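A quick write-up on the structure given underneath.
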Amino acid sequence: MRIECPLCGERDVSEFSYLGDADFRLPSADTDGLADRFYEAVYLRDNPSGPHRELWYHAGGCLCWLRVTRNTRTHEILGVELATEAPRA
Amino acid sequence: MRTEPTDITCPALTSLPTAVGNGRGVIATEREGLGIARIAARKGQSARMAELFRARFGLEPPNAPRRASRGDVAIAGIGPQTWLATCEHAGNTFAQSLGPVLADCAAVCDQSDACLILRLTGPRVRASLAKLIPVDMHPRSFRAGDLAQTVCGYINITLWRLEDTVQSDPVFEVWAGRSLALSLQQAISHAAAEFGFVRQSSTGPADAGRRTG
Amino acid sequence: MRYSIFSLLRQALAGHRGWELAWRDAEPKPGYDVIIVGGGGHGLSTAHYLAKVHGITDVAVLEKGCIGLGNAGRNTTIIRSNYLLAGNNPFYELSMKLWEGLEQDLNYNTMVSQRGVLNLYHSDSQRDSYVRRGNAMRLHGVDAELLNAGDVRRMLPALDFDNARFPIQGGLLQARGGTARHDAVVWGYARAASGRGVDIVQNCEVTGFIREGGRVVGVRTSRGDIRARKIGMAVAGHTSSVARMAGLRLPIESHVLQAFVSEAIKPLVPCVVTYGAGHFYVSQSDKGGLVFGGNIDGYNSYAQRGNLPTVEDVCESGMALMPAIGRVRILRSWGGIMDMSMDGSPIIDRTPIEGLYLNGGWCYGGFKATPASGYCFAHLLAREEPHEVARAFRLDRFATGRLLDEKGQGPQPNLH
Amino acid sequence: MSANRLREGEGALRRDRTLSFTFDGKRYTGHPGDTLASALLASGVRLVGRSFKYHRPRGILTVGSEEPNALVELRTGARREPNTRATGVELFDGLEARSQNRWPSLRFDLGAINSLFSALLVAGFYYKTFMWPAAFWEKVYEPAIRRAAGLGRASLEPDPDGYEKAHAFCDLLVVGGGPAGLAAALTAGRAGARVILCDEDFLLGGRLNGDRHEIDGEDGALWARQTAEELAALPEVRIMTRTTVFGAYDGNTFGALERVADHLPMPAAHQVRQRFWKIVARRTVLAAGALERPIVFGGNDCPGVMLASAVRTYVNRFRVTPGRRTAVFTSCDDGWKTAFDLVDSNVEVPVLVDARREVPAELEGQASRRGLRVVLGAQILDAHGSKGVRGIDVRDDRGRTSRIATDALAVAGGWNPNTALSAHLGGRPRWSDTLAAHVPADLPPGMIAVGAAAGELSLAGALRTGAAAGRQAASAAGFEAAADSPPRVADEAAGGTPLWFVQGFRGKAFIDFQHDVTTKDVAIAAREGFHCPELLKRYTTLGMGTDQGKTSALNAHAIVAALTGRSPADLGAIAARPPYTPVAIGALAGAHRGPHFRPCRLTPSHRWAESRGATFVDLGEWRRAKAFPLSGETDWKRTLTREVRSVRDGVGVCDVSTLGKIDVQGADAGTFLDRVYANMISSLPVGKTRYGIMLREDGMVFDDGTVARLSPSHFLLSTTSAHAVKVLQHLEHARQVLWPDLDVQLASVTEQWAQFAVAGPRSRALLERLLEGVADVSNAGFPYLACAELQWQGRPARLFRISFSGELAYELAVPARRGEAALHAIMGTGEDLGVVPYGMEALGTMRIEKGHVAGAELNGTTTAHDLGLGRMMSARKDYIGRVLAGRPGLSAPDRPALIGVKPSRPDARLTAGAHFLRLGAPPSLENDEGFISSATFSPTLGHWIGLGFLRGGQRRIGERVRAHDPLSSGDVEVEIASPIFYDPEGNRLRA
């Protein structure tokens, strides 16, 4: 598997480390039922069979966090963006 | 007891042989005395940082994994709004002098002691590096001035290519953490052994490799 | 037909023409007491114990393809009960006890081989944590033994004791651990369950759940709707996907774990060995192949295959541990989809949906758990309460913070 | 002249040189260009191995890497290679090979007795028996089965040869150097594209070397040679012979194994044995050819029965005939070529049997021109002969059976395209009725199949499809290939009607030769319901041998299909998995073995420590000084005691450079750190240091360390050595993903600074001298937890008043290159103060005496409360981990919490890992109340002490419990104490 780092170019997967579901969002402190929201954010991550938006860290390169869209059934990479620049939709 | 030994990147390197295998397929020399500063622009200040740097050194900080140099000073892009600047013979004073200049628009960290820097050249340097580094170093793909941050075995490295030598051998510089200097040299000399690996004492200024005239 | 040397002799004389189907290839009925989704080891053992222990035989096991071709047929066949936490240890020990009597229970030789499982340690801190784990095992009456480097050298002379980056200091041995023939376990449970009246329905893919009011009352399948009072999921690897059909989100990610087998060689590795300074475990099959593996690839995946970085990491660790295998060749590699839970431990519990029960999150520890998993899941389905050794495997433990994190890695599945 | 070597013709041999080798100790000869297989055949050796289960005599079946039978142990001693295919071994002078899986000898093998029980040893017999009496399985049956396991013997010694990895990148990777592959490489290479051409053979050309062809009017083998020369001359083309592309992976990455020195007696100095290539290719051309399949009939495993194409290659390329009389059994046109080539090489062909009633007239014409005896519409039922074929039973179209004498039989059952690589990424090959075989379908992105691999069995088709694919790949990379006209070749008959198996045979008919799977086994499996291909394979072990079913899988499916009234198409293809052919584990490990398994990080004082005779310990990647024993100090306890006492009573120095150091700057640095640390950081004054803990998002403690504030917008963090990299990743995540709006810059400065702890009551005296005129280190001028940036010896330096030992202590940081010099200065300056270096043992002991938590306590399952650090969790701000730390399970009062323990009997020893039980309570999980996490002998207190976690924690101080350790040192009664054994008030470090 090769990931196109927006900065470094296409690199082997061995340079990256994986975090998972990129739509993971920290609830803001004022939400009610905060504990439940946090439980969902931290433990109930998206795990689709197919396209998946996920966070990768270029640990063996520029140390950037990336939002990668990848098909978990075919391992095809569908898109990569810097976490700092990606729309946080 | 000797109380004032000179600076040493990795004392243990002295235990390594200076030649492995026969021939001079790969020649390694350690770069010394370099002043190295890591520059990270403050939020929204990268343009200002570039402007100040240009004013001071007449160099444009690249916004890509490229290296630009002028005289003793060079600067390379290593990340978003992040650069690595070097200055010959300047040692720790480089970052110290740069700090105040950029203070309001960038964080400057002295890295002069943080890395081993090996300059690698010789007719078989590409073949040897191909055994270690998962990046395409074909002359068409990795040009003079290009930079790559990648891994060499399990060692994080920064690598860039300088102008070829007069014998038109390619010239690379490989950076790795000081504590890993021994492991890195072992890996490189092992990979180059079949072509002949030679380690020389330190080089002159950054662009000694460049063709003269 | 009862299997024995005599049935074999009789058939030999009859030119082997009298063998019957190992298990009935059943047509689905319109309804059952219990439906088990998933014809892997866990689903089939659940069906077996439902019938045998609880007398519930109106059971169907639904499998989308042929039985036993998921993780039950893709693992490295290791069985052990060397666990640290009180929530895990008794469960896996029950499993070990069931393994020890499985041939007779099933009248099928699952080739359980208690050749020992040895975890090597390479540092003082690693030894300390093994001592802690070994003592926890002893507290539950599980066999555990601490070996020093000399003991290990006597057991496994081919390991690297003299030239290693991380020298072997000793190991934690569970002599009762070992291996079993994974396919035979599936076939044995299938045959035994089928013999007690359980319907094993192959090529029957569940495509959805039938809901009435709040509860689940059946499944929609590629072979039509089938109703049931209770439905148990045993589809580790695809638990998220099946649960999603019922509108459930679970603390589980699917990851790929690669495994490898070498060409058959004469006996070299007498027991199961785990390298402590890298990702590598190995045993030798009864056919002579070295069966080994390492860490999961580390990214969510539903493709039953992995990539080279893991292959290299495994082989490097193997060579660091056992430099004599340098010229032994890898014959085949494959990948299985692991249900990686958020704390590295499984879930056997009711779901928030009435009538739907969950058995999953086995990470890469599922094979050794096959007997106890079925035993405890059957208990839950039959008695509506968790079996005493599976009390900790609750679905709500992530919300309550009563976690079962053997490695202390936290909510990061690819680190467990 | 050896028995079966043809007199005339060079083939691809160099007859001018003779190589000698031994097989089972007997000496033979061959020539450069021979394989072990061709040389054995030439020497008249037919029996080369024994089968796995029945130990049946086996010969050479094929000429390539699909060989199931001819496996040998190659080389000797530490270089012994089990299960090596004789067909793939390039002959070298002095080669030593031995047959396998036989005892006492190959000709007389006692294991063959299994054949007598073959009626019992059928598919699945293991599972149906050995069950009673229960005890016997473990003690008798299973050990016996394991002893019988395996084919060859691996060496027990470390592999003496070297391996390495290499990376390559190209526009086009061509897999296979036959006509199709050569055409593809040539077209793309001429256009200027970067091409890599791999072939597992040592000679390019593929079937061009095995068959007789004409290309542009000249010999096909010559055309191959000339093409190879032109390719070699192209600057951007890399030809890799002896290289097998064994796997396709994601991202157009391929694994390939180059056998660098396997054709030599041993590798040269600095030469590796094999090189593992990771090739990234824009486009891939799959030109791996096709594999011929056998026909299943009685005694078809008898040595001398070979694939027809293999016979042809032995004749044309190696100038060897498998027997003086060689019959041919075919169901396709291709088989006839073998008969023709044999006859043309003056080898007697007693009969050509074709199962078809009608064949192309052109073939019959050629046959009669050669006076060849042909029987159409006939089948061979059985081959006879114990250790080699002597005769065959032929049943003609009228059902009459006659025996014909022959000492070899060439079998042509048709061709299976070699689809393996096309299916490694999950694509399933498609069934082709015309070929009666699977062809590549649903290929990996960027891969094109050509030639026989794509079902194009004719030479013309191979050249045409190859060139077209080469052109396509070139243009994809931006190069336009000239439209050369394809070479002229004669079109040939390549038809056939599949004959999977014959009926009415008498002997055993083998499908999988290596695993002795017969038609009977497959029938049993089908009868018992194991007819889906995966179950069939697992139940009968068919296709699980070293050849992975290359010659057996499809035949088996066809037979099951026939038994269950289906077509082979209905069964689908077995999933192909890497590696295509077996790959040595050593090659995949490359140079990462022994001491070079992983890199080793050395501290700035490493050489100095070595010179002081230090002992070292590996902690993760780092190698650190464990202790500095003086000569005569044989016992670790004496050294430890001296080092600890010297620090407690005088002054000691320790290299702490391994601690992670992270530079945090920016206007929002304070806010940022408040969010990642559980305690308040923004309130820290400039010039001060504070202890801090970070939690994981789930509320467990992640890491601890100090935070120093160098300026309002500049902080310096220290992390544990173990977590330095993980903490930076965690902070980068917070900075880039969680709060990208904050103005924060992060940089690791771990490698930049050498840092030394100078600890002990006399540390101030030492530093007063060392930093004279540089810094005021008095208690007033530089109180506990102070920090400062200095200029020392013309270099920047940093000074911190922090203490891990619990003594008055400082940490001095200097640029790493200056580390050794600084250490010399400290030692020199402190000489008369009695300064000593101390290592990890003393450091660890003093931190336990002081009750500081470390790795054993920060184990990822402990909360701040568990660690007695609950008060650090700020209630005045939000931070990572705050919310989930409040979950009932993490705040439950019954959670084991940090305590100290000391043995009731002062001379008793404590072990980390012991569990706490109430006195008198029987050992059981229910009674388990916690455990000892760290233990050490305390030189300060004169007895063992430990830290641990106990239900009820420090509420139970003074209580006596049992430290239960049946595993190592037995049980010890201990008293619960405060975790801080030494100077609880902290007077010493504030002194």
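Basis for what follows: all heavy atoms, side chains included, without hydrogens, waters or symmetry-related copies. Keep in mind that this is a model prediction, so the values were computed, not measured. Labels below follow one simple rule: chain letters A, B, ... track the order of the sequence lines, proteins then strands, and each chain is numbered from 1.
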(message) I need the residue from B:S112, B:A187, B:G153 with the largest number of non-hydrogen atom pairs under 4.5 Å to chain D.
(response) B:S112
(message) With a 3.5 Å distance limit and no angle check, can you tell me whether D:D668 reaches the backbone of D:D743 through a side-chain donor-acceptor pair?
(response) yes
(message) What part of B:R38 gets within 4.5 angstrom of chain D, counting heavy atoms only: side chain, backbone, both, or neither?
(response) side chain
(request) Report the option among B:A114, B:S179, B:A40 that has the most heavy-atom pairs separated by less than 4.5 Å from atoms of chain D. (result) B:S179
(request) Determine the option with the most heavy-atom pairs under 4.5 angstrom with chain B, choosing from D:S657, D:P599, D:G794, D:A166. (result) D:P599
(request) Tell me, for B:L132 versus chain D, whether the close heavy atoms (under 4.5 Å) come from the side chain, the backbone, both or neither. (result) backbone
(message) Between B:I133 and chain D, with a heavy-atom cut-off of 4.5 Å, which part of the residue counts as in contact: side chain, backbone, both or neither?
(response) backbone
(request) Among B:H190, B:R140, B:Q45, single out the residue with the greatest number of heavy-atom pairs under 4.5 Å to chain D. (result) B:R140
(request) State whether the side chain of B:D146 and the backbone N or O of B:R66 hold a donor-acceptor pair below 3.5 Å, judged by distance alone. (result) no
(request) Starting from the C-alpha separation in whole Å, work towards a yes-or-no answer on ring-ring contact (aromatic ring centres under 6.0 Å, His included) for D:F616 and D:H606. (result) CA-CA 9 Å; D:F616 293 90; D:H606 185 80; 4.7 Å; yes
(request) Could you tell me which of B:V135, B:L182, B:I155 has the largest number of non-hydrogen atom pairs under 4.5 Å with chain D? (result) B:V135
(request) Say whether, by atom type as modelled, one donor and one acceptor occur between the side chain of D:E621 and the main chain of D:C600 under 3.5 angstrom. (result) no
(request) Kindly say whether D:V280 contributes a backbone atom to a donor-acceptor pair with the side chain of D:N252 at under 3.5 angstrom? (result) no
(request) Tell me, for D:E789 versus chain B, whether the close heavy atoms (under 4.5 Å) come from the side chain, the backbone, both or neither. (result) neither
(request) Specify whether B:F172 and B:F142 have parallel, tilted or perpendicular ring planes, treating 30° as the upper limit for parallel and 60° as the lower limit for perpendicular. (result) parallel
(message) At under 4.5 Å between heavy atoms, what parts of residues 97-108 of chain B are in contact with chain D? List them by residue number.
(response) B:A107, B:V108
(message) So for B:T93, is it side chain, backbone, both, or neither that comes closer than 4.5 Å to the heavy atoms of chain D?
(response) neither
(request) Please look at D:E610 and chain B and tell me whether the side chain, the backbone, both or neither of the residue comes under 4.5 angstrom of a heavy atom of that chain. (result) neither
(request) Return the minimal non-hydrogen interatomic distance between D:L731 and D:F672, and the atom names on each side. (result) O-CZ, 3.5 Å
(request) Please state whether the side chain, the backbone, both or neither of D:E164 comes within less than 4.5 Å of a heavy atom of chain B. (result) side chain
(message) Quick one: does any side-chain atom of B:R67 pair with a main-chain N or O of B:I75 as donor and acceptor, under 3.5 Å?
(response) no
(request) Taking D:W608 for its side chain and D:G819 for its backbone only, find out whether a donor-acceptor pair lies under 3.5 Å. (result) no
(message) Side chains of D:H714 and D:D663 only: does a donor on one sit below 3.5 Å from an acceptor on the other?
(response) yes
(message) Need one label for D:S605: side chain, backbone, both or neither, based on atoms under 4.5 Å from any heavy atom in chain B.
(response) neither
(request) Give the member of D:Q752, D:R795, D:H270 that has the highest number of heavy-atom pairs under 4.5 Å with chain B. (result) D:Q752
(request) Could you tell me whether D:R769 and D:D832 make a salt bridge, using a distance below 4.0 angstrom between a side-chain N and a carboxylate O? (result) yes
(request) Pick one of side chain, backbone, both or neither for B:Q111, based on which atoms fall under 4.5 Å of a heavy atom in chain D. (result) both
(request) Would you confirm whether B:R126, through its side chain, and B:M137, through its main-chain N or O, come within 3.5 Å as a donor-acceptor pair? (result) yes
(request) Could you look at D:W622 and say if it's the side chain, the backbone, both or neither that has a heavy atom under 4.5 Å from chain B? (result) side chain
(message) Taking side chain as everything from C-beta outward and backbone as N, CA, C, O, which of these in D:A747 sits under 4.5 Å from a heavy atom of chain B? Side chain, backbone, both or neither.
(response) both
(message) Given heavy-atom pairs under 4.5 angstrom as the criterion, report whether the side chain, backbone, both or neither of D:R275 touches chain B.
(response) side chain
(message) Under a 4.5 Å cutoff for heavy-atom pairs, which residue among B:G21, B:P134, B:A181 has the most contacts with chain D?
(response) B:P134
(message) Going by the rule salt bridge (charged side-chain N to carboxylate O under 4.0 Å, His left out), which residues pair with B:R161 if we only count those two or more places apart in sequence or in a different chain?
(response) B:D164
(message) Under a 4.5 Å cutoff for heavy-atom pairs, which residue among B:Q81, B:R178, B:E194 has the most contacts with chain D?
(response) B:R178
(message) So for D:P604, is it side chain, backbone, both, or neither that comes closer than 4.5 Å to the heavy atoms of chain B?
(response) both
(request) Look only at the side chain of B:R54 and the backbone of B:F57, and say whether a donor-acceptor pair between them is shorter than 3.5 Å. (result) no
(request) Run the salt-bridge test on D:R624 and D:D655 with the 4.0 Å N-O cut-off and return the result as yes or no. (result) no
(message) Evaluate B:F94 against B:Q96 for side chain to side chain contact (heavy atoms under 4.5 Å, CB included), listing each step before the verdict.
(response) CA-CA 5 Å; B:F94 182 54; B:Q96 279 182 305; over 6 Å; no
(request) Go through the atoms of D:L823 and report whether side chain, backbone, both or neither lie under 4.5 Å from a heavy atom of chain B. (result) neither
(request) Among the options D:R598, D:H596, D:K165, pick out the one with the most heavy-atom pairs lying under 4.5 Å from chain B. (result) D:R598
(request) Would you confirm whether B:W83, through its side chain, and B:P62, through its main-chain N or O, come within 3.5 Å as a donor-acceptor pair? (result) yes
(message) Report which part of D:S748 has an atom under 4.5 Å of a heavy atom belonging to chain B: side chain, backbone, both, or neither.
(response) backbone
(message) Please find the pair of heavy atoms, one from D:W792 and one from D:A797, that lie closest to each other, and give the distance.
(response) CB-CB, 4.0 Å
(request) Name the region of B:Q186, side chain, backbone, both or neither, that has any atom closer than 4.5 Å to a heavy atom of chain D. (result) side chain
(message) Strictly distance-based, threshold 3.5 Å: is any side-chain N or O of D:T253 a donor or acceptor partner for the main-chain N or O of D:D250?
(response) yes
(request) Below 4.5 Å from any heavy atom of chain D, which atoms of B:N92 appear? Answer side chain, backbone, both or neither. (result) side chain
